[in-house]
Protein chains: 2
Amino acid sequence: MRPDEAARLEEHGIKASAHRVAIASYVLHTDEHPSADDVWARVKQAFPMVSRATIYNTLNLFVEKGLLRHLVLTEGRLVFDSNVEKHHHFIDEGTGQIYDLPWDTLKVSRVKQIKGFDVRDYQVLLRGRKRGRKREKKSDSR
Amino acid sequence: MRPDEAARLEEHGIKASAHRVAIASYVLHTDEHPSADDVWARVKQAFPMVSRATIYNTLNLFVEKGLLRHLVLTEGRLVFDSNVEKHHHFIDEGTGQIYDLPWDTLKVSRVKQIKGFDVRDYQVLLRGRKRGRKREKKSDSR
DNA sequence: TCACAAAAGTAGATCTAGTCTAAAGTTGGA
DNA sequence: TCCAACTTTAGACTAGATCTACTTTTGTGA
């Protein structure tokens with residue numbers, strides 16, 4: 001658990017309780033795109049008494065305060081992304097894994113010229129398969 | 001109801017029952033991106049006895065046979081798209097409406113060069129607001 | 001230090017989209 | 001006509017997410 005976690009929450013106008021810090025220290029430092037229940041499972045390892053409602057409350061609070069984004073990319077689950085910068089997403093159709101692609105990996109032209117729509121935000125959504133070995137990533141560090 | 005509807009189903013290896021034709025004649029000719037329950041509501045106007053399971057069965061069958069695509073773009077609902085060609089999507093953040101953008105409206109470069117991923121398919125997903133008058137579209141014709 | 005209001009957390013009920021099941025109805029070819 | 005395969009049905013079930021009403025914790029100020 002990072003020492004600066006509480007400070008980070010306060011910076012965003014969130015009172016730092018023990019549960020919130022516990023949730024933050026996982027969800028803000030993973031690139032696994034966990035669902036709410038994934039987060040619950042993880043946080044329960046350390047705090048078995050934490051309720052599902054708290055997980056949902058806290059994640060929604062984080063989204064509202066701009067610490068997280070939530071993504072609707074795959075069926076039946078809302079997933080959280082600690083990367084709040086602009087970026088694209090690749091979905092592995094075999095495993096369901098979601099990967100972030102840095103913004104400048106791709107270039108989208110003519111967005112400005114679309115007629116009749118005010119575009120506030122966009123991203124490219126790619127589907128296919130990740131090549132080579134299954135992802136070896138392990139730790140939460142970023 | 002189009003006379004050619006049944007033929008279109010058969011072409012795709014789907015036996016044409018009355019319900020299937022009824023569902024097809026709405027869902028294959030709309031650009032409203034309806035959810036399964038939207039389809040149910042609509043089809044019930046003509047066939048009040050149709051069950052929810054049939055709607056789901058039929059829509060899933062259409063997807064499987066390539067007559068429809070299903071999209072997961074907005075929270076909590078799977079939506080169907082009769083446009084099976086490559087295209088992009090714009091979501092109006094005010095109304096939740098989904099609009100199709102023709103493939104060549106935008107140009108995405110460097111997709112081929114992405115390392116470590118086999119891209120099978122991609123699209124640009126834009127969010128913002130549609131400008132001007134609320135959509136005036138009415139009929140199902142295409 | 002204590003009192004107490006506001007904030008945070010809780011269990012479990014509820015909601016909703018979607019799937020499953022088992023039975024009934026329909027169809028079409030031998 | 002018979003029968004097997006297919007289609008449709010009502011309603012049970014599931015899972016993700018939210019809501020509700022209650023309890024616990026926290027922190028401020030007398």
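Numbered from 1 within each chain, the chains take letters A, B, ... in sequence-line order.
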Can you tell me how far C1' of D:dG16 sits from CG of A:D38, to the nearest Å?
-> 12 Å
Heavy atom of residues 54-61 of chain B under 4.0 Å from DNA chain C: which residues?
-> B:Y56, B:N60
Side-chain ion pair, A:D37 and A:R77, N-O less than 4.0 Å | no
B:K130 to B:F90, cation-pi by 6.0 Å centre distance and 45° axis angle = no
All heavy atoms of A:H87 vs all of A:H89, minimum pair found to be NE2-NE2, 3.0 Å
Touch check for B:R52, heavy atoms < 4.0 angstrom, all strands: base, sugar-phosphate only, or nothing?
-> base
Is the closest basic N to carboxylate O distance between A:R131 and B:D118 below 4.0 Å?
-> yes
Relative to each other, are the rings of B:F47 and B:H19 parallel, tilted or perpendicular (30° and 60° limits)?
-> perpendicular
Please give, in whole Å, the distance from D:dC6 P to B:E64 CD?
-> 13 Å
Using heavy atoms to find the nearest nucleotide of DNA chain C for B:D37 and A:A53 separately, return the residue whose nucleotide is more 5′.
-> A:A53
Measure the distance from NZ on B:K15 to C1' on D:dC6 and round it to the nearest whole Å.
-> 5 Å
Quick one: does B:D121's side chain get under 4.5 Å of A:E93's, heavy atoms only?
-> no
Mind calculating the distance between CG (A:L9) and C1' (D:dT26) to the nearest angstrom?
-> 16 Å
Does a donor on one side chain sit under 3.5 Å from an acceptor on the other, for A:S35 and A:D38?
-> yes
Test item: side-chain donor near acceptor, B:H33 and B:Q97, under 3.5 Å | no
Whole angstrom value for the distance that separates C1' of D:dT7 from CD1 of B:I23 = 11 Å
Neighbours of DNA chain D within residues 67-77 of chain B, by heavy-atom distance under 4.0 Å = none
Side chain of B:R8, backbone of B:L28: donor and acceptor closer than 3.5 Å?
-> no
Please check if the distance between the ring centroids of B:W40 and B:F80 is under 6.0 Å.
-> no
Is there a donor-acceptor pair under 3.5 Å between the side chain of A:S82 and the backbone N or O of A:L68?
-> no
In the 5' to 3' direction, the nucleotides of DNA chain C bounding the stretch that comes under 4.0 Å of a heavy atom in chain A are C:dA7 to C:dA11
What does B:S51 touch in the nucleic acid at a heavy-atom separation under 4.0 angstrom: a base, only the sugar-phosphate, or nothing?
-> base
